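Notes to accompany the following structure.
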Amino acid sequence: QVPLVESGGGLVQAGGSLRLSCAAAGRIFGVNAMGWYRQAPEKQREWVARIIDDGVTNYLDSVKGRFTISRDNDKNTVYLQMNSLKPEDTGVYYCNALRCSGVECDSPYFAWGQGTQVTVSS
């Protein structure tokens, strides 16, 4: 498995922006999508966004129009641009690799890393 390292989190006021990065040690084989997840305190981890190899993206309803997932294949990096942040966006954000077919995706392929903390104050 290829390690994934998340970065870019921080403390921001409501309405602010952050850009998260997910860097892989090298090329990831056997998957065709990357996704972002988040976990609020004392809550279960939830899926937030994904991007498939063909460029198609999908988002959790509550972040549509505010978050944008993108990738740089040459740098083995996936990004999550987060705008108009709300306090309910607070949590630890994780990335992972997926195998998707149509709108259906398998469970994440890798063990969860440390993630990056996003805190949105009101």
Side-chain angles (χ1 to χ4, degrees):
Q1 295 184 342
V2 178
L4 302 173
V5 179
E6 302 92 344
S7 63
L11 175 64
V12 64
Q13 291 186 331
S17 298
L18 288 171
R19 189 181 75 156
L20 308 183
S21 297
C22 171
R27 288 184 60 191
I28 302 174
F29 296 93
V31 299
N32 67 341
M34 295 292 295
W36 283 96
Y37 303 76
R38 68 187 180 190
Q39 185 172 20
E42 301 182 348
K43 300 292 185 180
Q44 292 293 313
R45 184 180 292 106
E46 66 178 347
W47 168 82
V48 175
R50 72 166 185 257
I51 183 167
I52 304 175
D53 285 351
D54 61 6
V56 173
T57 59
N58 196 253
Y59 299 92
L60 178 68
D61 284 345
S62 63
V63 308
K64 287 181 179 177
R66 301 188 297 117
F67 290 12
T68 302
I69 186 171
S70 62
R71 66 190 178 197
D72 185 335
N73 290 333
D74 291 338
K75 297 181 179 180
N76 297 317
T77 302
V78 179
Y79 304 96
L80 185 68
Q81 178 66 47
M82 305 185 296
N83 299 325
S84 301
L85 283 163
K86 304 175 180 180
E88 52 262 42
D89 295 318
T90 293
V92 179
Y93 282 69
Y94 305 87
C95 64
N96 219 312
L98 304 168
R99 168 63 67 177
C100 299
S101 179
V103 299
E104 302 294 334
C105 299
D106 295 337
S107 298
Y109 273 36
F110 300 107
W112 300 108
Q114 295 185 27
T116 185
Q117 176 71 48
V118 171
T119 303
V120 184
S121 64
S122 59

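All of these numbers come straight from a predicted model, not from anything done at the bench.
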Report yes if some heavy atom in the side chain of Cys95 is under 4.5 Å from a heavy atom in the side chain of Val78; otherwise report no. no
Tell me the disulfide (SG to SG under 2.5 Å) pairs involving residues 39-87, sequence neighbours left out? none
Would you name the heavy atoms of Ala14 and Ser122 that are closest together and state the gap between them? CB-CA, 4.5 Å
Kindly give the heavy-atom pair with the smallest separation between Tyr109 and Gly30, and that separation in Å. CE2-O, 3.3 Å
Determine, for Asp89 against Lys86, whether the closest basic-nitrogen to carboxylate-oxygen distance falls under 4.0 angstrom. no
When you measure from the side chain of Gln117 to the backbone N and O of Gly9, does any donor-acceptor pair fall under 3.5 Å? no
Considering only heavy atoms from C-beta outward, does the side chain of Val120 approach that of Thr90 to under 4.5 Å? yes
Just list the side-chain donor-acceptor pairs under 3.5 Å for residues 15-24, sequence neighbours left out, or say none.
unit_1 : atom_1 : unit_2 : atom_2 : d
Ser17  : OG     : Asn83  : OD1    : 2.9

Which distance, rounded to the nearest 0.5 Å, do you find between the CG of Asp74 and the CZ of Arg27? 11.0 Å
Using side-chain heavy atoms (C-beta onward) and a distance below 4.5 Å, is Val12 in contact with Met82? no
Show the nearest heavy-atom pair for residues Gln39 and Gln44, with the distance to one decimal. CG-C, 4.0 Å
Grab the two heavy atoms, one from Gly115 and one from Val92, that are nearest each other, plus how far apart they are. CA-CG1, 3.8 Å
In the structure I gave you, are the side-chain heavy atoms of Asn58 and Trp47 within less than 4.5 Å of one another anywhere? yes
Qualifying ring pair (Phe, Tyr, Trp, His ring centres under 6.0 Å) pairs, either residue in residues 55-105, two or more places apart: Tyr94-Trp112
Hey, is the main chain of Ser84 close enough, under 3.5 Å, to the side chain of Arg66 for a donor-acceptor pair? yes
Distance (rounded to the nearest 0.5 Å) between Cys100 SG and Ile51 CD1: 11.0 Å
Give, for atom CE of Met34 and atom OG of Ser70, the distance between the pair rounded to the nearest 0.5 Å. 12.0 Å
By side-chain contact (heavy atoms from CB on, under 4.5 Å), which residues pair with Ala40, not counting sequence neighbours? Lys43
Say whether Val118 and Val5 are linked into one hydrophobic cluster, either directly or through other cluster members, by side-chain heavy-atom distances under 4.5 angstrom. no
Quick check: do Asn32 and Ile52 have side-chain heavy atoms less than 4.5 Å from each other? yes
Polar side-chain atom of Asn96 near backbone of Phe110 as donor-acceptor pair, under 3.5 Å: yes
Partners meeting side-chain contact (heavy atoms from CB on, under 4.5 Å) with Glu46 (sequence neighbours left out): Arg38, Leu60
Applying salt bridge (Lys or Arg N to Asp or Glu O under 4.0 Å) as the test, list every pair that has at least one member in residues 47-59; sequence neighbours left out. Asp53-Arg71
